[in-house]
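Numbered from 1 within each chain, the chains take letters A, B, ... in sequence-line order. The figures here come from the full heavy-atom set of this structure, side chains too, leaving out hydrogens, waters and symmetry mates.
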2 protein chains.
Amino acid sequence: MKNRITCHECKNEKCFVKQGCFGEWLNKISTNKFQHWYKKGDYIFREGEPIYGINFIQQGGVKVVTTSLHGREQIVRLAKEGEILGHRGLGRTAYYFNAVALMDSLLCFVENELFYEACMNCPKFAFNLIFFYASELRRAELRVKYQAQMNIREKVAMAFIYSYEAFGMNPETKMLNISLSRQDIADIAGTTAEQITRQLNDFENEKLIARNKRDIIFLNIKGLEDIVGDYKIE
Amino acid sequence: MKNRITCHECKNEKCFVKQGCFGEWLNKISTNKFQHWYKKGDYIFREGEPIYGINFIQQGGVKVVTTSLHGREQIVRLAKEGEILGHRGLGRTAYYFNAVALMDSLLCFVENELFYEACMNCPKFAFNLIFFYASELRRAELRVKYQAQMNIREKVAMAFIYSYEAFGMNPETKMLNISLSRQDIADIAGTTAEQITRQLNDFENEKLIARNKRDIIFLNIKGLEDIVGDYKIE
DNA sequence: GAAAAAACCTGCGAAAATGCAGGTTTGATT
DNA sequence: AATCAAACCTGCATTTTCGCAGGTTTTTTC
């Protein structure tokens with residue numbers, strides 16, 4: 001709750017709240033929201049926990065991940081500052097997935113009642129939300145197809161493209177703006193950490209990617225996109 | 001447009017329109033909606049076509065399918081009477097998937113403007129829609145995990161469970177209430193038609209399923225659920 | 001900065017899934 | 001009822017993916 005940032009001060013212009021709520025309702029959310037810092041690796045919520053409200057990422061990055069099965073997890077989404085978190089649970093009482101901070105992150109939390117009231121009273125807020133869901137649904141269903149049809153090479157290329165789109169890269173060093181372990185990348189791609197290493201070798205030989213210690217350096221994003229070129233990327 | 005069924009006569013009590021719109025707005029939709037029969041195999045919409053409105057299935061069954069790639073498609077959803085169709089395109093101008101009638105089907109079509117107005121003026125309608133999206137998103141993301149982690153046996157079992165949940169079975173004959181080709185099942189499961197045949201052999205030997213010509217007979221649904229038991233089904 | 005722990009790399013055999021080809025059954029048409 | 005086309009079944013070789021095990025590098029801890 002310390003270092004409190006009001007919605008008016010907040011620089012995330014794409015945040016749903018700033019996009020859809022105005023005047024009285026922006027004030028209400030701004031004064032009634034809770035803020036909390038999570039350290040890298042902290043769980044923001046876990047599957048099965050009760051849902052008291054909804055989160056917005058003020059700073060940082062988060063992975064949404066299924067519970068482990070046969071030793072494997074699946075990363076369902078990467079989210080960064082300005083994005084909403086926990087929206088899958090709307091209308092439900094318990095979370096279905098886990099959310100883990102990928103770096104130190106500051107989250108804004110709005111309780112259910114206030115959120116529902118804002119939906120009812122700010123049509124633009126509700127509408128943006130519906131559009132957002134439609135877009136997320138489309139992307140998730142595309143990913144079903146990717147997992148079903150892509151080979152490992154394509155899946156790994158897609159995992160890097162996805163990470164790049166989610167977090168971007170440092171324009172000078174061309175390094176991915178987040179630290180992902182081989183296992184994290186495997187959990188995005190839907191394969192094993194060993195396969196990620198093997199594909200990294202290939203991509204390095206093809207001058208698509210370089211490695212510096214554990215960091216990924218993007219040499220040729222277009223080249224990666226060409227690998228998955230037959231599939232729709234949006 | 002012939003055989004017109006008004007919303008008041010309609011027996012699909014779970015339809016979003018009947019659940020969320022009342023009085024004046026139910027009348028407006030009822031009188032302004034279009035109805036159209038599609039024959040088995042007809043395309044209801046195709047990827048890339050402009051979106052003029054949204055569909056509700058009055059009778060019949062539909063598959064939503066990605067465009068073919070390397071000779072493979074992916075069935076993204078099965079939908080039957082009472083369900084909404086085309087909601088992925090909200091806020092967009094062109095469809096992202098194809099919808100094909102699996103049997104002769106009657107669809108109700110509501111144009112964009114009327115639909116948007118109803119959203120704005122019937123809060124329950126908009127709210128139900130948001131909850132529906134949240135639920136669909138959750139299910140789609142679970143399917144990403146299934147495609148990434150399940151083996152063929154589990155995927156095929158899941159495809160039968162999904163078909164059963166989507167369309168049900170005849171209580172006397174225990175036959176699936178829809179005719180799906182091996183290729184259709186493969187496109188749900190995310191594998192090839194040959195694998196479906198092979199798994200059908202196994203399931204038949206295990207007395208989980210029987211075959212009558214090309215129809216599937218469910219002998220032991222619990223047994224199928226046990227195969228995917230480690231995975232969350234919801 | 002040394003020691004310990006964690007993450008990463010790589011070769012290889014095993015397992016799983018695929019794709020083809022040829023034969024069989026089913027359903028539609030006349 | 002005969003014919004034809006489509007859908008289905010099945011064996012087998014090939015390809016792809018996996019998972020272990022042991023060694024190496026990087027990061028963390030004290």
Side-chain angles (χ1 to χ4, degrees), chain A residues 39-41 63 68-74 100 102-104 146-160 175-176 178-205 209-217 227, chain B residues 39-41 63 68-74 100 102-104 146-160 175-176 178-205 209-217 227:
Chain A
K39 286 244 170 64
K40 178 175 178 173
K63 65 176 175 182
S68 156
L69 181 59
H70 308 321
R72 284 176 68 179
E73 295 184 337
Q74 180 68 34
V100 180
L102 285 170
M103 55 179 93
D104 293 357
Y146 298 157
Q147 287 299 332
Q149 300 187 359
M150 282 181 170
N151 61 31
I152 292 294
R153 178 177 165 84
E154 293 166 334
K155 283 186 186 179
V156 177
M158 184 59 95
F160 283 120
M175 283 190 341
L176 182 61
I178 194 159
S179 156
L180 295 172
S181 69
R182 298 286 176 271
Q183 190 59 56
D184 279 334
I185 301 168
D187 291 346
I188 298 170
T191 181
T192 60
E194 290 96 325
Q195 301 285 42
I196 301 299
T197 300
R198 291 188 251 266
Q199 283 303 320
L200 269 175
N201 280 343
D202 292 353
F203 290 161
E204 204 165 26
N205 291 336
I209 273 179
R211 285 182 275 192
N212 182 354
K213 303 282 169 66
R214 277 171 187 163
D215 280 310
I216 302 297
I217 298 168
I227 289 175
Chain B
K39 287 242 170 63
K40 178 174 176 172
K63 64 176 174 181
S68 159
L69 181 59
H70 308 320
R72 285 176 71 179
E73 295 184 335
Q74 180 68 34
V100 181
L102 285 169
M103 57 178 92
D104 293 358
Y146 297 157
Q147 288 298 335
Q149 300 188 359
M150 281 182 169
N151 61 31
I152 293 292
R153 178 179 165 83
E154 293 166 333
K155 282 187 186 177
V156 177
M158 184 60 96
F160 283 120
M175 278 185 352
L176 182 62
I178 195 158
S179 157
L180 295 172
S181 70
R182 297 287 176 272
Q183 191 59 56
D184 279 333
I185 300 169
D187 291 346
I188 299 170
T191 182
T192 59
E194 290 96 325
Q195 300 285 40
I196 302 298
T197 301
R198 291 188 253 266
Q199 283 303 319
L200 271 174
N201 280 343
D202 292 353
F203 290 163
E204 205 164 25
N205 291 336
I209 272 179
R211 283 182 277 191
N212 182 353
K213 304 281 169 66
R214 280 172 186 164
D215 280 311
I216 302 298
I217 299 169
I227 290 174

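Between the C1' atom of D:dG19 and the CZ atom of A:R72 lies a distance of 11 Å, rounded to the nearest Å. With rounding to whole Å, A:R211 atom CZ is found 12 Å from D:dT25 atom C1'. What separates CZ of A:R182 from P of D:dT24 is a distance of 18 Å, to the nearest Å. Between A:I152 atom CD1 and D:dT15 atom C1' the separation is 13 Å, expressed in whole Å. The distance from atom NZ of A:K155 to atom P of C:dA17 is 12 Å, rounded to the nearest whole Å. When rounded to the nearest whole Å, the span between CE of A:M150 and C1' of D:dT17 equals 17 Å. Remark: P of D:dA6 and NZ of B:K40 are 15 Å apart, rounded to the nearest angstrom. In this structure, A:N151 atom CG and C:dG19 atom P are separated by 11 Å, rounded to whole Å.
The side chain of B:R214 sits closest to D:dC8 out of D:dC8, D:dT17, D:dT27. In this structure, the nucleotide among C:dT18, D:dT26, C:dC9 sitting nearest to the side chain of A:K213 is D:dT26.
Interatomic distance, CE of A:M150 versus CD1 of A:I227, reported as 10.0 Å (0.5 Å rounding). Atoms OG1 and CD1, on A:T197 and A:I185 in that order, are 8.5 Å from each other to the nearest 0.5 Å. Distance CD/B:E204 to CD1/B:I209: 9.0 Å, rounded to 0.5 Å. Annotation: the span from A:D187 atom CG to A:Q74 atom CD amounts to 7.0 Å, rounded to 0.5 Å. Distance check, rounded to the nearest 0.5 Å: CD of B:E154 to OH of B:Y146 gives 11.0 Å. Remark: B:K63 NZ to B:I178 CD1 distance equals 9.5 Å, nearest 0.5 Å.
The terminal axes of the helix from C:dG1-D:dC30 to C:dT30-D:dA1, fitted over 5 pairs per end, subtend an angle of 60° to the nearest 10°.
Nucleic acid contact for B:R153: none, since no nucleic acid atom lies under 4.0 Å from a heavy atom of the residue.
Judged by distance alone, with hydrogens and angles left aside, the side-chain atoms of B:R72 form a donor-acceptor pair with the main-chain N or O of A:A148 at under 3.5 Å. Judged purely by atom type and a 3.5 angstrom limit, B:E73 has no side-chain atom pairing as donor or acceptor with the backbone of B:D184.
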Worksheet item: Stepwise, does the side chain to side chain contact (heavy atoms under 4.5 Å, CB included) test hold for A:Q149 with B:H70?
Response: CA-CA 9 Å; A:Q149 300 187 359; B:H70 308 320; 5.9 Å; no
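Checking B:L180 against A:G190, the closest nucleotide of DNA chain D that is more toward the 5' end is the one next to B:L180.
Proximity of residues 192-204 of chain B to DNA chain D (heavy atom under 4.0 angstrom from any strand atom) is restricted to B:E194, B:T197, B:R198, B:N201.
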